[in-house]
Amino acid sequence: MSKSDATAESPQPAPPVDDAGSDEILRLAARLMRKQGLARTTMEQVGAAAGVDRATLHRCYGSKERLVEAIFGEVVRRLQAGDSGPWHGYGAGFRRLLAAARAFEDGYILLVRDGCQLPAYQGFAAALRARTARKLRHLLWFPERPPPRAETPALLGLALESMISFSNDALAYWVELGTPDRDEQYVRWCGQMMRSWRHNTAELLNLDTPEVDWPFDTENRRPLAWPD
């Protein structure tokens with residue numbers, strides 16, 4: 001067979017996947033991986049669920065590992081996007097976080113449950129924990145700026161690590177098992193837990209930050225801006 005004959009018989013490239021199609025692929029892939037497990041889910045299964053051929057899927061993501069990285073990257077991006085803007089109190093903050101996780105719930109649960117356990121994806125797990133740690137650090141010293149890391153109290157790591165794990169795991173648990181009609185109960189529970197954590201941690205670290213009795217929500221008041 002000549003080279004020209006082989007070229008003529010080769011399948012034509014599939015049309016590129018647009019942004020909307022890529023988003024749907026990530027959602028379907030995350031759903032399959034959450035249900036079947038990362039190890040047992042194949043690119044062929046993802047392609048079949050998304051209605052795209054294997055060549056298109058590999059052209060878009062290169063490999064299964066790159067596809068998983070795209071899923072985890074989208075989870076982190078959504079959470080970080082929800083962090084922008086002024087702070088409206090414990091309740092509003094948790095509602096915004098819950099909305100971001102629910103918007104891509106399979107991806108979020110997959111990252112918390114599997115990504116944190118697999119060395120190949122530790123960078124994304126670290127990014128998730130760093131995002132939560134940053135919010136907690138701001139909350140501890142609010143309305144002032146957190147001190148430089150070299151000047152932070154020695155026991156700050158102890159206080160942060162336990163609450164980071166609680167925050168991320170509790171959110172994954174609720175997104176998976178909680179029902180939207182009870183979201184407000186979850187929000188209030190988390191808000192009260194965070195309020196108590198801040199008070200007790202300030203005592204543990206001997207912080208001289210002002211003890212502000214912030215309202216649970218401030219949607220109808222002037223928002224509280226995070227320091228730069």
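Nothing fancy with the numbering, it's 1 onward along the sequence.
Between the K135 side chain and the A130 main chain, no donor and acceptor come within less than 3.5 Å of each other. Although no hydrogens or angles enter the test, the distance criterion places a donor-acceptor pair under 3.5 Å between the side chain of K64 and the main chain of T41. At least one donor-acceptor pair closer than 3.5 Å links the side chain of R198 to the backbone N or O of L140. Judged by distance alone, with hydrogens and angles left aside, the side-chain atoms of T132 form a donor-acceptor pair with the main-chain N or O of L128 at under 3.5 Å. Under the 3.5 Å distance criterion, the side-chain polar atoms of R96 are matched with a main-chain donor or acceptor of G82. Side-chain N or O atoms of T201 include one that pairs as donor or acceptor with a backbone N or O of W197 at under 3.5 Å. A donor-acceptor pair under 3.5 Å is absent between the side-chain atoms of W189 and the main chain of E184, judged by distance alone.
For R102 and D183, the salt-bridge test passes: some basic side-chain N is under 4.0 Å from an acidic carboxylate O. Under 4.0 Å is where a charged nitrogen must lie from a carboxylate oxygen, and between D83 and R131 at least one such pair does. Salt bridge E74/R77: present, at least one basic N to carboxylate O contact under 4.0 Å.
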E203 and H199: CA distance, side-chain angles, deciding distance, side-chain contact (heavy atoms from CB on, under 4.5 Å) verdict: CA-CA 7 Å; E203 285 190 350; H199 173 80; 3.4 Å; yes
Test side-chain contact (heavy atoms from CB on, under 4.5 Å) applied to L171 and V112, step by step: CA-CA 9 Å; L171 180 59; V112 173; over 6 Å; no
Derivation of the side-chain contact (heavy atoms from CB on, under 4.5 Å) call for R40 and K35: CA-CA 10 Å; R40 291 189 295 274; K35 181 179 179 180; over 6 Å; no
Stepwise salt bridge (charged side-chain N to carboxylate O under 4.0 Å, His left out) check, R27 with E24: CA-CA 5 Å; R27 289 181 179 279; E24 185 63 15; 5.0 Å; no
Intermediate values then yes/no, side chain to side chain donor-acceptor pair (under 3.5 Å), S165 and R129: CA-CA 8 Å; S165 297; R129 294 186 68 84; 3.2 Å; yes
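The nearest pair of heavy atoms linking L111 to A125 is CD1-N, 4.1 Å. In plain terms, the two heavy atoms of L207 and P153 that are nearest each other are CD2-CG, 4.0 Å. When all heavy atoms are compared, the tightest approach of L79 to A101 is CD2-N, 4.3 Å. Residue A172 comes nearest to I109 through the heavy atom pair O-CG1, 4.0 Å, listed as atom of the first residue, atom of the second, then distance. When all heavy atoms of W141 and P147 are compared, the closest pair comes out as CE2-CD, 3.3 Å.
The shortest distance between side-chain heavy atoms of Q36 and Q45 falls below 4.5 Å. Taking the side chain as every heavy atom from C-beta outward, R34 and R113 never approach each other to under 4.5 Å. Contact check for F104 versus V175: no side-chain heavy atoms found under the 4.5 Å cut-off. You'll find the side chain of I71 reaches within 4.5 Å of the side chain of M33, heavy atoms only. Taking the side chain as every heavy atom from C-beta outward, N168 and Y108 approach each other to under 4.5 Å. Under the 4.5 Å side-chain criterion, counting only non-hydrogen atoms from C-beta, F94 is in contact with M194.
Atom-to-atom distance recorded for D114:CG and Y121:OH is 10.0 Å, nearest 0.5 angstrom. To the nearest 0.5 Å, atom CZ of residue R149 and atom CG of residue L156 are 8.5 Å apart. Between the CG atom of L155 and the CG atom of L205 there is a distance of 6.0 Å, given to the nearest 0.5 Å. With values rounded to the nearest 0.5 angstrom, R145 atom CZ is found 8.0 Å from H138 atom NE2. To the nearest 0.5 angstrom, D169 atom CG is 7.5 Å from C116 atom SG. Rounded to the nearest 0.5 angstrom, L110 CG and L32 CG are separated by 11.0 Å.
In this pair, Y186 and W174 present their aromatic rings parallel. The plane angle is below 30°, not in the 30 to 60° band.
In the hydrophobic cluster analysis, where Ile, Leu, Val, Met, Phe, Trp and Tyr join through side-chain heavy atoms closer than 4.5 angstrom, L28 is grouped apart from M43. Residue V68 is grouped with residue L118 when hydrophobic side chains (ILVMFWY) are merged at heavy-atom distances under 4.5 angstrom, including chains of intermediate members. There is a path of hydrophobic side-chain contacts, each under 4.5 Å, that joins I25 to F124. L204 and L160 fall within a single hydrophobic cluster, where Ile, Leu, Val, Met, Phe, Trp and Tyr are joined by side-chain heavy atoms under 4.5 Å apart, directly or via other members.
In the model, Q185 has no side-chain atom that pairs as donor or acceptor with a side-chain atom of R188 under 3.5 Å.
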